[in-house]
Each structure stands twice: as C-alpha cells, then as structure tokens.
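One structure below.
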Amino acid sequence: MSTKQIIGVFDDEALLLKATQKLKSHGVNIRDIYGPSADHDLIKNLTRESKLPYLSVFTGILTILLTFAFVYYVTVIDYPLHYGGKPVFAFPSLVVVMYLLCILITGAFTTFSFLTSEKMFPGKAPRLVDPRAAIDRFYLVLERNFNPDEITEWLREEGAEEIIEKETEA
Amino acid sequence: MLNNKIRYALVKGNKTYGQITDELLANVEQKPPLWWYGAMTIGTILLAIGAWAVYMSLSQGLGTWGLTNSVAWGWDIINFVWWIGIGHAGTAFSIFFLVFRQKWAGSINRAAEAMTVFAVVCAAMFPLLHMGRPWLAFYIAPYPNTRLLWLNFNSPLFWDVLAITTYLITSIMLWYMGMVPDLATIAQRTKNKVGKFLYGMFSMGWNGSLYSYNRYETLMKILGGLAAPLVISVHTIVALDFAVSVMPGWHTTILPPYFFVGAIFSGFAMVLTIMILLRKAFKLTDYITEKHLDNIAQVLKFGSLIIGLAYVTELFTAWYSGVEYEIFTFFRARFTGNYSVQFWVMFTFNAIIPQLFWFKKARRNLVILFIVSIIINIGMWFERYIILVSTLAQDYLPSSWTPYHPTMVDIGIYLGTFGLFTCGMMMFIRYIPIIAINEVKPIARAEKLRKLKEQNHEH
Amino acid sequence: MEKKYWKSLKEVQRAEHLQADELPADHQAKSMIDILADDDNSKSSSRRDFLKWCGISFFSATVLSACENPVKKAIPYLNQPEELIPGKASWYASTYLRGNDYCPVLVKNRDGRPIKIEGNTLSSITKGGTSARVQASVLSLYDTGARYKQAMRNGEGLLWEEADADVVKKLGEITAQGGRMALVTPTLLSPVTRALIDEFKAAHPSLELVTWDAVSYAGIRKAHEQLFGQPIIPDYRFDNAELIVGFGCDFLGTWLSPVEFARRYAKKRRVSRDKPEMSQHIQFEGMLSLTGANADERVPVKPSEELKILISLYNKLAGLAGQSPAMEVSPAYDVDALAGQLMEHRGRALVVSGSPQKEVQMLVAAINQLSGAYGNTIDTSTPLMTGMSDDDAFETLLSDMSQGKVGAVMFYQTNPVYQYPDTEGIVNAIKNTGLSLSFATTRDETAEVCQYILPDHHYLESWGDAEFKAGHYSLMQPLIHPLFKTRQFQDSLLTWLGREADFHSYLKNWWQKNLLPQQNVYPDPTNFWVKTLQAGVLEVPARGMANLLPNPGALGDIMAALREQIQGADLEYVTYPSLSMGDGHDANNPWLQELPDPVTSVCWDNFSAVSPATAASLGLVEGDMIRINDKVEVPVLIQPGLAAGTLAIALGYGRTQGGISADGRGGNAFLLSPKRSFHGLVSSWTKVGSGHLFARTQTHFSMEGRAIVRESTLDKYKNDPAAGNELREYHLKHHNTLYPDPEFPGHHWALMVDLNACTGCSTCVVACQSENNTPVIGKDEVRRRRIMHWMRIDRYYTGDADNPGVVFQPLMCQHCDHAPCENVCPVAATTHSQEGINQITYNRCVGTKYCINNCPYKVRRFNWYEYATKEQFNTHTSTDLGRMVLNPDVTVRERGVVEKCSFCVQRIQEAKLKAKMERRTLKDGEVMPACVQACPSSALVFGDLNDPESKVSQLIKDSRNYHLLEELHTLPSVGYLTKIRNPRS
Amino acid sequence: MHNTFKEGIIRLGKVFPMVLVLLISIICWLPKAVQGQDTLAGEAEGVVETVDSLVEETAEAAAEITENQPAEAYARGGYSKQDLRRGERLFKGLVPFGSGAHSCASCHYTSRTDTLNWNPSAFDLALAWHKDPEYRIQQKMNNPTGMRMMTDHLDMTVTLEEERQLEAYYEAILEEGPGELRAYPVNSIIFWGLGVLMLLAVVDLLITKKVRFKAIHVLILIVGLVVHMQYAVAESRNLGRTQGYAPDQPIKFSHLVHAGENAIDCNYCHTVNQFSPSSGIPSNNTCLNCHGVIREGTRSGRFEINKIHQAEESGKPIEWLRIHDLPDHTFYSHAQHVNAGGLECLECHGTVEEMHVLYQHADLSMGWCLTCHRDNDADFVGNPYFGIYKQLHQDIKDGKIDAVKAAQIGGEDCMKCHY
C-alpha cells in the first residue's frame, strides 16, 4: 500500500517546534522528524519515553547475580585456593569484580539492545528523506490524514522553507 | 553545579546550522594544514622509537628495563598510572554533559573522549608490557580451561585489568555512539567515494529520525550514567593496587580519593593543553570559548587544592600513625631524603603553581593556561614517580634498598606512547569532527534564543 | 582425534651428531650418562620456546592445523647397572680435598652424575658441615671452559701414550745423568699419595719433593717445633674456650679448619635458658674479617700494632708468671685487663693468630702455654696434618731452576706462577728447566707456561684418601666416569713406574695393609674396605698426646725478627684469603664468584678496603683505582671497621689464565708481599683511575633504628630471657585480624635461625644455589641489583661508625601464613599450601612482579633475562655439560618468571614419600632444606610446627624467638633467635 | 601530496586482506619448509655416517656369511636410472617378478606409516639392507630363515637382476626418506576453504554485491566463524597435548602380545615404578632375558626381534620414542602413585594389554590430574604416615566422613607437582 506524505522542510528548530505544536493541535499525525540534531523539547513533545532504562536496570541486576554466582563457584566450589591467610570466600574482594563486570556487561548489552531496536548495524545504508536531513535541514514528515492543502498552508504559515509531497511505500 | 542556567556565551556568533556544520567539518573536509603533517611525522618517529623499545623488551626480556630486585615497578607503572589519569577527563566531561547537563561541556567532550580513548590505550600497553611473559597474558582472563584453574579475584591487579578493560570499552562506546549522527552527516557531505563508504558504514544507517534520537539520548544517558561510577572506580582501583599492599607509602586509605582527584586534575590539565592547541590550530575560538577554558581552569584550581590537601594529609597521617616505616618514607625519603627533589617538584607543580588560577587574568591568558597545564602534567608524573619509586627503593629492610635508574628502553617506551597518542589524536583530528556537531547545534540554538530574548528585552 | 607422529632417520642421527659433538668421547662408549627417561631438564629449552610461540600465535598454529609436539626420545640403558635406579638419587661418601682445604662429603648422584655435595655426618671433624667452596666444588667438575680435556705438549693435544713415552724417556735420561728433578705439591694430606711418591722417589732418586702452600700454615708447625720440639699443628678447641682472643685470625672463614672451628665456636656461643653461658671473643685485626664481625669486642689495629699488642700481652703474662719479658713495646692498647682476664680464665682461654710467621706463632704458643691452654683448649693429641709447606726449599728450588740446574719440575695442585710474588722470576725459572709439566685439572697460570700439561681428574672423578687430623682418615671415590681424557695424577706416577695404572687397587691395598690393623671393627679386609668406602671416613685411635718439651730460650732467638716486624708505617696492608676464592684455585667457579662477601657484600671483585677516615685523609673515594707498591691495582672500597691506615685486600682474585669467570676480576694480591707474610707496609701508592663500579648485593648498612636484628647482651639475657626482644610481646598483644587463624591440618613447616650460632659464612647461600638451580647472572646484572640467590646474608652495622658492631641475618622466604605476595598475584601463581608453604608455581607465573613489590622482605627474585641459558651471564648452564649440574628435581626457570625459596619442597616431598612408602610417620629432622643441611654451625633448624616434640616447636616458643617485621602481621614461618653478645663489662 | 597519501591508503586497504592471508600462510609454512630442508640435509649426512660407523662393527659377523658367496657376481652401487625405475615397479607390483611372486608392497608398505602391519616397511627393509653390507636380497628371498619368513616368502625367488633393481629402489627410498605425511589434510582444506569463502562473502556483502540474497552471506559468515572458532578452541586446548599419541617405535613392540597374550606383569619390565619417580624403560638386557631364547615372533618373524640383538652387538641402546611425557615443570612420581597411592597402572595408562601399538590413554592435562585427586580416596586410614592429620581421623571416627580424598590432604596444592 502506498501512502502520500507531506514533508515540511525547516532550517530552524524553533520554527519546527512551533509548527509541530500547531499541527498537533490541529490533529495532524506527525510521522517523524528527520534532522541532523534533535531538540530536547521536540523529543519530549512528540515521543514516548524509551524503555531502554528498564532493560538496563534489569540487565544490571541479572549480571550482578550471575557474576556473584560465577565468582562464588570459582573461589569456593570449584578450586578453593588459599591466598595470604584469607578465607576462600573473601567477599570484599569479590565486590569489585562483581561491580566492574556488571557495568561492562550492562553497558555492552544496552548498546547492543539499542542497535537491535534501531535495526542499526555497521554497513547499513541510511534511508534518508533527503541528504540534507543529515546536514542542516529538518524534515517534518506528516501523514495526509487531512486536506493536504490545509496542511501545506499551516506549514507555510509556520515558516517552512519548502514543502514536498511524496508518495512512499509503507 | 547542577544548574542549567546559561549565563554566558557557549557558542559565539549568530550562526546558522549550515554554518556550524561547515565550520566544524572543516578539519575533515579540507586538506590538512602543514602542521598536521609535522605532528604526524613527529608522532611516527616517536612511535618508531617505541617500537624499538618494545622489541628490545620483548626479545631480550625485562632486564632491558631499569628495574631491580626491589624496585620491580618503575617507569612502566608510573607511565601507566599517568596515562590512566589523563584518560579520566574525557569520560568526566561526558558525565558533566550527559548526566549533569552541563551544556558547556558539550563542545569539549568529543575531543576529551578521544583523548581518553587514546590515553587509555597507551596506558593499557604498560600492564601488558611489564609482564615477564606477555605471551601468557591470557592467563589473566577467567575462562574455563583444561587446567581447571581460574584466577585470584583478590588481586588488585586483576581488578585493574578488569577496570581498564571496562573503562576502555565503555569509553569507546560513549565516544563512538556519540559520533554516529556526525558520521552520518559527513557521509552525506563527503564527495570522496571511499570516505562515503567508510563513514556510511560506521554511521550504521543513522537516519536522524526523532524517534531514534529519543532512544539515542536515553542510551547516551545510560552510558553516561554507567560511566559515571567508572570514572571514580577506575582510578580508585588503580589506587588499590598500591593501597592494598603492605608497603610504606602505599598502604594508606587516602590513596583512592587522592588518586581519583589526581586523575581528574591531570586529565583536565591535558584537556586544557589539547583544547588550547586545537582552538589555535582550527580557529575554533567560537566553539571553544575563553569561558570553556576558564571553567577548566577553575576545576584545576579546585583540584589543585584537594591534591595539596591530600599531600598534607598523607604527611599528617604518616606522622600521626607513629609507624616508623611510614615516617621514614614520608619524612625522610620524600620530604628531605633521596627523593626530595622529585617530591618538591611534585608539590610545587601540583599544589602551588595552579593557585595562579585564582586570578582571572591568569585564567584568561592562553599562554599562562598552556604553560600551567603542561606543568601540571609534569607534576602529576612526578607524583606517580614519588609514590612508586620512593616507596619501593627504600622499604622495610634497608638491606634490600636499591637505587633506581631508567634505561633507554624505559624512556623509549614512554616516548612510544607519546607517539601513539599523537598519531591517534592526529588521525582523530583528520577524520572525525573535533566538536560534536549534533550536540553543539542545540546549544547554538539556545544561544540564539537567548540573544533574541535579550534584544527583545532591551527594546 | 588421533595424531600420528613420525620417527625419521634424521632425528636419530641428528641426536647422535649432537652427542658426538658436544659430549666427550668417553661418554658414548661407556654411556655412563645416558639421557634418561625422566631427565627433562637437560634439554628443555626447545620445548619451552615452542610452547611460548604457540601461545603467542595460537591462531597461526590453528591455521597450520598440525602443531606437532617435538619428538622426544626415551633411551634406556643397554645394560642397567644393578645399583642404579633411574630417576632416583643415590649418595656416595667421598672427600673434598684441595691442598689444605678438606671436607668429608656425601655426593648426591642422580642418574650417574654428581649434582650436589653435602657434608658427611659421620666425620667427627665436620659433623656434616660444609663450606661455600665445598658446596660449589661440584660445579667445577663440569667447567667445560676451564678444564683441561686431554694431555697437551706445548699447547697441542697428544695421546696419553705419547705423553707417557716422552716423560718416561726424559725422566730416565735425567736420572741416568744424575740430574735433579722436583715435584712441587701443596701439603699432601693423602697418606697413600705420599707413599706412592716415596715409591716414585725410590725409582728416581734425584727427585725432590717440594711442598709449597699458597696460604701457608707452616709457621705454626715451625713455632711448635722450635718452642716445644714438636713439629705439630695442634687442634684448637674453640668449644672448650670461654675466652677467645684472636689476632688477625679468620678462623670462622678460612683459617686452618673453618668448618670444624665454626661448629665448635657456635657450640660455645649458643645460649639457652638451660645454659645461659657463652664464650667471650675478643678480636684484634687490621681488616674486618668474618670472625671479627662475630667477635664480642673488636679492636681494629694495624698489623704492626697488632704484633705489638701481642708482644706486650706476652710481656704481661710472662711478668705475671715470673718470666722475663720478650722486648719492650708500647702499643696503643692497654693489655693489662686482657692479661688479667686470660689468667682468670686459665685453662679455659685460647689465643690464636692468623699470622703465617713462625715468630708470631711462637709468641702465641708461649702465651697459650702461660695461660694453660695446652691440654685444655689446645689439643695436641690429634694434631692437624696441614701446613707442611717449606718455603725455603721452594726458594732454593726456584733459584736452582733459574740457573738451569734442575732437569725436570712437576707441579701438582699448585699454581705458583699465580701465587708466588715474583711472577717473572718463576716463569723464567720454569722456562730454564729442561722438562716442566703440570698436573692441573683446570686451566691455571703455571700449567700454561709448562711444556706438558697432563691433566689430573677432578676430585669427583678420582680415588684417593686424606688424613686431615692424626688418625682421622677419609676416602675419596669417583662419582662419575671421567668426563674428559684426563688421568689421575697417581695413575700417571704408577704408569711411569711401569706399573698398571690402577690407583684404586693401590689405595685399597695400602688401606688394607696399613689401616686395617689399626682398627678392630672389621677384621675382614674386603668388608673393611667396602664398609669404610661406604662410610667415607675412618677414625683410628690417636697416637697419643705429643710430648711437649718447652724451650723457653727459643723466644730469645726471634727477637731480631720480631723487631723487624713491628716496624710500622702510616699505611699498611693486609691480604687475606677470601671466603669464596680461598687461594684462587676455584676462581673460575661462577657460584663462588657471585657469592657476595658476607662482610662487604661485594662479589665478582676484590678491592682494597679502607676505613672512611683513612680514605678521607688519603683523598680517596669509593671506586678509585689505586696501585699499591707498584705491584697491584685494585679499586678502593670504603669499609667502616678497618683500622686506620690499613688497606685490606683479598687474595684469590686477579687470575689471568683461570677461565672466563676468573680472569680479570680484581688484582692479584699475592704479588704484594715478597716474603709471603700477607701483611706489610705500603711503601707507595698511586691513584690510577676512578669510577670503578662494584657489584654489591647490599648498599645500605644501617638498620635505621628498626628492630630487624634484635640484639642483647649475655648479662641482660641472664636476667631476662626476652632481653632485646621486648617488642615481641608488644606485637603479640596487638595482633588483631578480621580473618580466622589459618589452619594447617597436616604439617606446618617452619625454620628457625639462631642468630647467635650463625657466623655469616654463606655456605647456605651456595648450597641453596646448588640445590635449586639458581642461575648465575654476572657482574653487570649484580650491579643492577638483580642477584638471584634465594637466600641471602644481610649484614648491618650497629653502634660506633669507626668500629661498628656487625650483625648477620640469613634471609630466605619467610613463608608467611598471611603472605602479602599471595593476595596480589592475579593468576594464582603463588598460593598457600596446606603445609604452610608459600608456593610459587613457575609455569603459571606471567611475571607481573606485583608480588616482588609487595614482599616486605624482598626475597622474591625475577628472571630479568634468560639467565639459565644465555652465555653472557657467565653461567655454566649455557653448555650441555654445564647443565649436568642441574638438579632434575627443580624446574629451571624461564625468563619473565618470579622465583624464590621453596623450603626445598622437593626434599620435603621426597622425605614424605619415603615415609609413606615405609608406612610410618615422618621423623623430626628427616627433612632438611639445603641451607639447613649445609650449615656448619647448625644455626638453622627446620621442622614441623604441628609436631609438638620437634625442635622448631621448642625453639619457636623460646623467648628469644621473634619474627622479622612481625608488626606487619604477616605471620612468618621463619623465626629468628635474638643475637646475644658477651661484651666485657 | 594529500591525494597521493589518500590513494595510497585506499590501495593499501584493498590489498591488505590478501597480504594478511599471504603473510599468515607464509608464517605457517615457514617452519615446515625449514624443517623439511633440514630433513633432507640431515638424512643425506646421516646415511653416510651410518655406513661409516657400522661397517666396522658388523664386518666380523658378516665375514662368516660371505664365505659361501660367489664374490664376482654381486657388487653394490652404481645403479642406473633404469634399475631404479624397474625396482620401484617390481616392489610395487607394477611389473611381475620372474618367479611369479606377488608384489613386495602387498606386505611391505611403502608409505610412512605401517602401524599394525607386522611386516617391516620398505624403509625398514632398506635400512636393514643399508646397515649390513652383506645383506643380500636374493639370499633372504631365496633361502628364507625363520618360520614366518619361510611361509610368507614361499616360492618367491629373485634373480640377480631383480635384486639389483630392488637395491636401486632401496637406495632411492633411503635418500628420499619415508614420504612426508601431511597432517590433517582434510581439516586444512576445510579451514582454508572456509576462510576464503568468508572473505569472498565479506567482499561481496560490502563491495561487489553480486549475490542478492544477504542470507547467504550471513550464513557463510556464521558457519565459517563457528567452525573456525571450534578449530581454534580444539587446537588451543590440544596445544602441547598428545592424547592418543601413538608413534611408530623403532621396534614393533606389542604390549598386547607381551602383557596381554603372554600376561607378563608390568613390573617385570618396568621395574622401578615402586621406588622411583620414573617407571623405568626396560634396558636391552631385560628384553634379552626372554628374547635370548625366543628369536622369532609369530607375527613379525625375526626381523623385529633381531633389532634387540643388533643393539646388543653394536652397543647402541634402542631409542624408543617417548609417549607419556609431562612438561618439564611438572613433577610426577610413579612411586607416590603406585606404591604409596596404590593405583593400578591401567588407571592412567589404559588397557595397555590390549594395545598392539601403545598410545597415550589420558590427556595428561592438569585438569585430568586434579579430577583424579578430587575424586579418589587416599589410603588414609591404612597408612600410619597420615596419623598427623588428627582432625580428619577424628572426623572419620565420628562418622562425619567416610574416606579422605587426596585433595583434602594437600592434593590440590600447587607445590605437589610444580616446584
């Protein structure tokens, strides 16, 4: 199925923000915004909070548990060796190991999860609306669930540099 | 420190995004200037010296170093700690920026992170090289094997290896993930086919979607958050190498915080050195403003005070403890004895000279800033020298006291790490935007808004 | 997955080539030393390297997919000797004998090769003690570089048959012409050799036997002859003496019978609560000797002054006894108190002097007689057989030789070209002699100028015997088939006598004929021989007390000579046989070269020691090269404790033809005294250079006020057994730990060191090196402070800077139960064993050196280079032959690996295994690390702390016991007993 | 300048993978190549040496045989190429013998390996011929000695000419040596093939993009990586390990025949295992205790047993190849395990009595040692030595434990084996 999209091109985030607010108040569905950078307010306004932090916390807790199991197995169960008169299970020493492994694994896993959720991998070709979206223009992509002329009009009012109508495959 | 108020110009000039992009990508897109080739040549020569030194030490043995039966760690570990300390700043900046939302760190943190990565790589060479049998370095990894033998989790050296690995990997993740949008930008702009291919490949298909930015910002925050304790823990763990031991001058509880502050201190000093150079070289005066440098100088002043306090505290605890060995090490070996020259160099360079930054003129004078930053780096090197050598050379039994002198190989390896660092930084300068464009742009916008507001207010 | 490995012709033959090239010819034929199944160490490097490179590039190894292990051979005996068990050591009794140096030994023989020397406990002389040189002697057996490998004529090899023909012909000619010939030997302690030489003399009546020792004790013998009419060297009983007064006499280090004297001395120095008594030792000397360092009171005086004190002491005693004084002297030291003390300790005092001069020894003998020492602290019933040197005869011989009056001269175990003061004169004399030949075993200066070199066996390849003390015989037997084409001296004589070259039978017959009747334990001759050979020693009743006929008038005759000798000068010198080098014959032994002198901690060098004050007045600094009397060039070493105006120079260095380890080390101090008095006046000295770097293993000599060696005096000890050890109680009270005390369910090994019994003789250092394959590293590396010895003797000065007290402290791994080194090793290469041993696993070590840093005692050693195999470090183990000395029970460490004392765990394991196999418990004293076994004074005791009856358990409870740096709570397994001195109040 | 630099980098980037591959192959091949060269040189030299040294020693024994031989009809050396070619064909059966005998190669293998073939290999035969200047193929064939040889060589006669041709072939074998064996040819091919495939996949995925279905690339990469990793793990685990090592020994000695069929006790030959760290490889005279009388084996005939006698005569011990070989830093004592520990030989060496060709049964890894120490009971109560372990004895008495493992009494201590 192919849908038609209206894309407003902006060169300033401030204008963009105002435009999105206006369009949103009119009930226009904003599909996405492509640009070289993202404004924090824009993100706040348009997107839901990411669930990445929950994943991260979960991974962290799991890692701590697994690491503890690992070091306990190694030092106490598998081959208890005696170092400097310490008991085989010298917990304070293990804390450091658990802590570091936790950070390492959590960090790596979170990054990996991000890449997976974004379907990013080295060598993937970017699907850009326009090359300039990666340089200095913002592309406000709207669904055409309203009268296109009306949307165009609103966009123009809000200072869009250019308005593009595009047919894309869903 | 946690305020978000913008009180001064972080990006100067009224710039459009296009302008910013053009200016910040200049180093990547334009032909490098002559000094770049010069620096690269020097770096390569240093690297070659390092390669010779490494070859000597690998082929002949550690006997080519100046170590003795008592001073079994010398320049190798001094340099290791020094480099690790320098490697602190980058991540610290990222945390300032990402976690504490200190906007002023935005334009510095890319270069600082690059510095971190290269410094940690330089540092990581030393633990490997200082092994008697580096070809068996894999023994240090806890992996299941046919010997059924694991390793000693009590050893601070294992913590150290783990800490450095973690720190290096996290730093690289921070640095690289922070770079992805910029890489995508370059990939679109560059005309060079190979460049396009490589930048495109490493930008991993970044398309600048708002939703991606949402997750991306979260990720960066998480990574920054994870790195925050690391910044503290890495040097703490390096300090544990010494603090966990029984040697006089090492076995003190103050060592971890003292090391941490020292690391931040030396790291910021190195950042200052590099920023001044970059700013000069690429005319980035609008992005790296005096205010940035001023801020760093303030941090250095603060760090210097803490460091000075730590030195004095150490002396005090040694005296207060009444332990004759510690009193000897601190008061006879360091304060007045064989190592007094190094001690006083350390004390002056680290605790006294940076007090210049109480004066605004000094903070705003690039020459003074530059010289002091170098002095701090030298002072911090001597700090590590004092900690390592003065303790080991004169420890418990006077019968085993030995002098310590480095050899050409020791010096060569140190120079080699400079070469590695220089080459790394030069390659970074050449191929990656020094300042994070995607992070600077919002700052620039905010700046613009503020100015507009001010104008409106005035009228 | 099954791998196939292939034997190829090449491997077989290459191995053969290797052996043919590198091993001496006799080997292949006799295959005495086959490379046995378990003998891994001899050819280890290739395999190690291989694994190393596989490790570093394991991926490329994967790619190869055919990473083959090298093919190893296991070659059994063709005919296995009955008595030999492959892989198991056997012990044979023999005797170390070299000139006046004597020690009955047990030799550890593993797979047909001697690898370790221990003392023979059956000998009543040494009771199992050894000296550093005895311990190191096994290495000179395998000295490929310096040993003569075949008979030679003018530098060219020739067959023994040819050499024999030549020599017999020439000797025959000389005898026929009635020409003179001479055989120069050191004191011959072997009665059989003396008998054989007598036979040889009978065949060649013009042969003259000239006895000449480099370091002569003949003065004592002559003194007794002149004074008492008995040419004897009596036996000095330090174990009976409560007051010992030494005059320049290093009886604990090198004088007469140091192993025996150290034992006796220590016996009297040992204190305990049951016996809070010890001898008092006063030493007068110019240098700072090992013995002086042990003295309770040391008076540093110039040699001339020393003699004056001796004379005035005699005067005083003579006066007390109502005799006339010898001569008027006015020494700086007042001897009244000392004389009084000697009289007070009548019969329990002993005065000894190290002087080689007859006149001085006569004075000493007279003093001893006045103080009633004879019969009490001096035993004349078993006189020593040493000190037969006849300098006059040697001088006559030399002058005759230079005039061409001598037809033939033969040197056996002497090296006068090096040891005689007039090198040029003696070389000319030898050149002017028709036939000159040397029986030298290893390269020496004399042999190099002789026409013929007919190399003798090493003592471990020889048959022989010795009578060190009257009635105390011991046997020497070969432990290995001769490594080179050498022939025993005695066999040479037998051959030239036209008899069968079978000294073994000759020896056996002589013993059966002469010694069998003197004993009554074994009536059967064969049994007598076998059992005695097994025991190594035979002690027959002494001949009875020598009848002393005092001749007081004799003293009057020596006044002129004495008057000459007390002439002093501003600057005088003393030369002394060094502890490690002796008279220099073993100078090519790297173990000995690298053994730091216990007093100065210098190795690989000799030097002119000078006191700080004198150095300042002469304008000398350490490292200056000076030329003394225009004869000897040595560097200057600043050494506190020397007498003002005295230079002390060690003998035994400055060899020129000794081999790579010996040549060019220091200066030859033998050249200094033309009259061989070993001290004299410095008539001239010039500074010829500066900046000489010494290889010292210790450079800081103050304890910095730390309680490292705890000392007290006998008086205080009598009142409080913990005197000097008050800190111990404090630390015990303040020991706190978070962790539970470590438990040792089976054994708990511990070592106790009695600092009172330890004389610092350093025998343990060499014993440890020999047992544990510790590499030699050479002078440069020692300079860099990288000595590898697992055990070291620390020395500290206490008190007065001009005349400091000296304390020795043997230091090995303390095997701490809370070992700081163990915690910090990341790869678990060093851990604690269930038996309390601090284990180091070389193959696991990656060499982070963290443990070295974290060891408060700094006893861990690092292989900075590939010391074991690289030639540049003067190590014998870089050659295949030299590697035969390695102990197969101890791994040879690779470069990059940390090593340290293991309490000789291989011995522990062996003893435990023996006990297990015999189904019994381990006995106390059964396990002895090498240092403990070698110690002549039994200062070290090893045992199991879990056994309440064991000696160490008793000693560790002693109130003198303390642990080094116990405030660190490392809980060492090594304890020290405080040093108690007995100064004059 | 800038552009040339850049281009250089690009060019380098293009050739780099190939250079890498080339480098790795050279590194891997180099040691083999060097070794190979050594082999040839060593062999050439060795052969000469052997002749020189052995001529004299065997001359006496040989003199007796030569008395019966017509001297002028036979002379060694000076073989033509034709001789050699024909000899090889004869041996391998490409050309029939005049007597109609079947080919030599059907019994005497020409390959390097002939494990479990009791007949001497071609190389062995050549060596025997070479060592003994009076060795005549014709004589051996036409007048076979010993039961085994007589039955096997029945009616196989060789003419003088054929003998000469065979000798030419022998000499050729001796010069070339037994052919090189390529270990793991299959594995190497798989490893390298996959490597190339993976490289192609990467190149195609990123640059050429000829194959449309990305799944193929991914599949190749994943499979390749997994296989490579597996090799890497297996190889690195086996570094220095020689489990299953079963070399051809200088004598085809069968433990099955001796220990199995003839039920000779291990201790008969390996005499010292009760007292020594080493179990002892029997000396030649131990073999001769039996083989002084038993001169012919049922399987190998006289050929192998003769080697013992040859060794005795020449005075050169037989150089066995070591199979069970611990690293130098590991100390193992047979006495401890066999005598004190009471272990049976087979627990470590496997069922030796069922092995014709002895191979290494256990992997002799540290893990293997430790596992045994942890799992096996020590002779704790029975040996008074262990009386020192008071607490453990108390525990046994109290019924807290049944038995004591070796690990409990220090069997896990490092310095049990490494010192």
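Order of the sequence lines sets the chain letters (A, B, ...), proteins ahead of strands, with each chain counted from 1. Values below: all heavy atoms of this structure, side chains included; hydrogens, waters and symmetry mates excluded.
Closest approach of C:Pro888 and D:Phe331 over heavy atoms only: O-CE2, 3.1 Å. For the pair C:Leu913 and D:Ala340, the tightest heavy-atom approach, listed with the atom from each and the gap, is CD1-CB, 4.2 Å.
When side chains are defined from C-beta on, C:Tyr842 does not count as touching D:His329, because their heavy atoms never get closer than 4.5 Å. Contact annotation: the side chain of C:Phe903 never approaches that of D:Met415 to less than 4.5 Å [non-hydrogen atoms, C-beta and beyond].
Environment of CD in C:Glu918: crowded, with over 12 heavy atoms of neighbouring residues, nucleotides or ligands closer than 6.0 Å.
Counting heavy-atom pairs under 4.5 Å between each of D:Gly387, D:Ala335, D:Ser333 and chain C puts D:Ala335 at the top. Contacts with chain C were tallied for D:Asp379, D:Leu288, D:Ile388; D:Ile388 has the most, counting heavy-atom pairs under 4.5 Å. Interface remark: of the candidates D:Asn339, D:Thr286, D:Val272, D:Thr271, D:Asn339 forms the most heavy-atom pairs closer than 4.5 Å to chain C. Contact count versus chain C (heavy atoms, under 4.5 Å) is highest, among D:Lys390, D:Lys416, D:Gln391, D:Glu312, for D:Lys416. With chain D as partner, the option from C:Arg919, C:Arg844, C:His832, C:Glu910 having the largest number of non-hydrogen pairs under 4.5 angstrom is C:Arg919. Chosen from C:Asp944, C:Thr921, C:Ile908, the residue pairing most often with chain D at heavy-atom distances under 4.5 Å is C:Thr921.
Checking C:Thr841, C:Ile837, C:Asn843 one by one against D:Cys414, the side-chain contact (heavy atoms from CB on, under 4.5 Å) holds for a single residue, C:Thr841.
No donor-acceptor pair under 3.5 Å is formed between the side chain of D:Asp413 and the backbone N or O of C:Ser833. Looking only at distances, a side-chain donor or acceptor of C:Thr891 sits under 3.5 Å from a matching main-chain atom of D:Tyr419. Checking side-chain atoms of C:Gln909 against main-chain N and O of D:Cys417 turns up no donor-acceptor pair under 3.5 Å.
Neither the backbone nor the side chain of D:Tyr359 comes within less than 4.5 Å of any heavy atom of chain C. Contacts between C:Glu835 and chain D at a heavy-atom distance below 4.5 Å involve backbone atoms as well as side-chain atoms. When heavy atoms are compared at a cutoff of 4.5 Å, D:Ala378 does not approach chain C at all. For D:Gln274, the part sitting under 4.5 Å from any heavy atom of chain C is the backbone (N, CA, C, O) and nothing else. Within the 4.5 angstrom heavy-atom criterion, atoms from both the backbone and the side chain of C:Ile840 approach chain D.
Partners of C:Glu926 by salt bridge (Lys or Arg N to Asp or Glu O under 4.0 Å), not counting sequence neighbours, listed by chain and number: C:Arg920. Partners of C:Glu899 under the salt bridge (Lys or Arg N to Asp or Glu O under 4.0 Å) rule, at least two apart in sequence or in another chain, are C:Arg893.
From C:Lys914, atom NZ reaches atom CZ of D:Phe275 across 13.5 Å, with rounding to the nearest 0.5 Å.
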